[in-house]
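Down below is the structure, laid out as structure tokens.
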Amino acid sequence: MIGRLLIIGLIVILSVFSCKSSTRKTAEFVFPAADSIPVSEAEKLSDEAIDDISKNMSSPVEIADILQRSKVPYSTNYLASSIDASRLSTSFEKALKLGILGADLGYLNMYEKTGTAIDVLTSIKKLADGINVGQFFDFETIKRLSLNRSNLDSLLFISKNSYNQIDKYLRDKGRGQLSALMITGVWIEGQYLATQVLKQNPDTLLRNRVGEQKVILNDLLLLLAPYCKSSSQFTSMCQNMQELKEKYRDIVISYTVGDPIMVEKNGALVVKQTEESKVEMNNEQLVGIIVLSRSIRDKLILNN
Amino acid sequence: MKKLIVILSLLFIGRLLLPGQTTDPLVTKCAMNSGSNTAYLKDFRIQLGKGSAQNELRQKEVFPLSKNMRYRFTLCNADNSLGQLIMKIKDSDGRVQLSTFDLKSGKLYPNPNPYIDFECQKTGPYTLYFDFKDFQQGIGYGIVSLVKSK
């Protein structure tokens, strides 16, 4: 009874928010005027800004959820199975591939392919040890959880939590370039997964998700900018990402303003957003993104 | 409950094997409170001392949310926290999209569920503001999970 009264109370509170603005306005996302942010400017980004940007990368778990919603079958073809963790020598390669395999792990876990996940986990462990962050990866626990499907929730939690801890540790210890690489790896693999599935299974939800990456890519480039001239590998990767940015340049993402509404569903409180983002992307633009996303990802995983 | 015992046991064993591993049992417990059919995405640790009354909640975190996704925000306090953990979410334009409390009336989001769901329709970065009720001191976690569609 008390819970119900509180729900009603909150609905009233949110109704007050709703009264503040009844008009619906629109806005658009555009890349900054300059083609790229000068390194000197990027280096001036505060730690807090970098922290915010690095947190602003969506998870491949969400892409896997869209795939399941669209009834896209699981396929090993989307995995970066050519990565041989024992052959990688530089921190650049290890951190980047740690991100790529992390995205694959999310995909495998969401499809409950816990058996295959163990192989990926073995590589992940090697890579994490290789950049001295293996202590955050509770490999034995994850491996045990992988052996039983009923532990899936726990498995998802621990594996994702390990990545979050590694990322935070790297940034706290001034190894931001490795954190940026790991985040880039996760993003590239997620982008590859989404675009290649889209090629085979046209789906509006997934198509919009690919288009929305314009916003994320902009942030990713900000995160990478301070390191783009630090090595030839970084320079090459940054150039590739800039090319991808060009493919996204004319895609229009508009926003409509609205006020949230609250509803009760099965005794739980749910806030429904009425603000909306909308993607306008034609087929030619999409094909360009699909082709280049694959090219960048393949170049990175084949370059062992 | 059984799930919680299993995961805490496994975490304990894992800690013995790998002493460097640093998962806080509170975050594990909190993640398990998110209910079934959810996928954990991120946790935010909130540790604050007693503060004076102010207009904005004290801890700020940025997190991306995507259109057509349903997210679950689970809030948990450590036992020795003096106030209940509260949260507010603003979009990139600073518009409040969700609030688990009302500062004026003191009302909090409903129990017994420790979570609140958010159906997102606009992709972008959101700012999550956390504090303890009445700006009290406390330790807690805010967990973001994806409510799975399957």
Side-chain angles (χ1 to χ4, degrees), chain A residues 2-4 6-7 9-10 13-14 17 27 29 51-52 55-59 61-62 65-66 68-69 109-110 135-141 144-145 151 153-154 156-158 160-161 164-165 205 208-209 212 215-216 219 253 255 257 259-260 265 267-277, chain B residues 3 6-7 10-11 13-15 17-23 27-28 31-32 34 36 38-43 61-70 89 91 93 95-100 102 105 107-113 115-125 146 148-150:
Chain A
I2 293 171
R4 195 170 285 272
L6 286 174
I7 288 174
L10 276 170
I13 293 163
L14 262 283
F17 289 140
F29 174 82
D51 194 44
D52 286 352
K55 283 176 187 165
N56 193 25
M57 297 294 144
S58 55
S59 164
V61 165
E62 294 173 40
D65 185 72
I66 294 176
Q68 290 187 317
R69 216 186 290 185
N109 285 342
M110 286 294 279
Q135 69 271 28
F136 292 104
F137 224 91
D138 194 350
F139 184 67
E140 292 303 322
T141 302
R144 278 193 196 93
L145 293 171
N151 292 326
D153 290 347
S154 310
L156 269 168
F157 165 67
I158 295 187
K160 186 76 173 70
N161 182 256
N164 291 342
Q165 286 191 67
L205 204 56
N208 287 338
R209 171 49 76 97
E212 286 165 353
V215 183
I216 308 295
D219 279 353
I253 300 176
Y255 301 102
V257 172
D259 297 303
K265 275 188 185 174
L269 195 60
V270 179
V271 177
K272 288 183 163 187
Q273 192 176 34
T274 62
E275 288 194 0
E276 203 175 359
S277 54
Chain B
K3 190 198 278 183
V6 169
I7 194 166
L10 287 169
L11 271 176
I13 295 164
R15 272 178 162 272
L17 293 169
L18 287 168
Q21 222 278 332
T22 55
T23 301
V27 72
T28 310
M32 292 302 107
S34 298
S36 58
T38 57
Y40 159 91
L41 295 174
K42 185 90 177 174
D43 61 80
E61 304 284 353
V62 175
F63 193 76
L65 300 176
S66 298
K67 185 175 177 172
N68 292 314
M69 292 287 161
R70 182 168 169 177
I89 299 178
D91 67 8
D93 296 323
R95 293 168 56 87
V96 175
Q97 297 299 307
L98 182 155
S99 179
T100 68
D102 177 41
S105 68
K107 283 179 183 169
L108 300 175
Y109 73 99
N111 286 315
N113 289 335
Y115 53 76
I116 186 165
D117 285 0
F118 181 63
E119 290 183 1
C120 182
Q121 289 302 319
K122 178 184 163 187
T123 297
L146 178 72
K148 290 191 272 186
S149 50
K150 191 184 171 187

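We name chains A, B, ... by the order of the sequence lines, and we start the count at 1 in each one.
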Contact origin within [X] toward chain A - heavy atom pairs under 4.5 Å:
X: B:Ala39; value: both
X: B:Asp91; value: side chain
X: B:Leu41; value: both

Taking atom CD of A:Glu276 and atom CG of B:Asn68, what is their separation to the nearest 0.5 Å?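 The CG atom of B:Asn68 is 8.0 Å from CD of A:Glu276, to the nearest 0.5 Å.
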Derivation and outcome, salt bridge (charged side-chain N to carboxylate O under 4.0 Å, His left out), residues B:Glu61 and B:Lys42: CA-CA 11 Å; B:Glu61 304 284 353; B:Lys42 185 90 177 174; over 6 Å; no
Does the pair A:Glu275/B:Arg95 count as a salt bridge with the N-to-O cut at 4.0 Å?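 Yes, this pair counts.
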B:Leu65 vs B:Phe63 side-chain heavy atoms within contact, under 4.5 Å: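 Touching, per the 4.5 Å side-chain cut-off.
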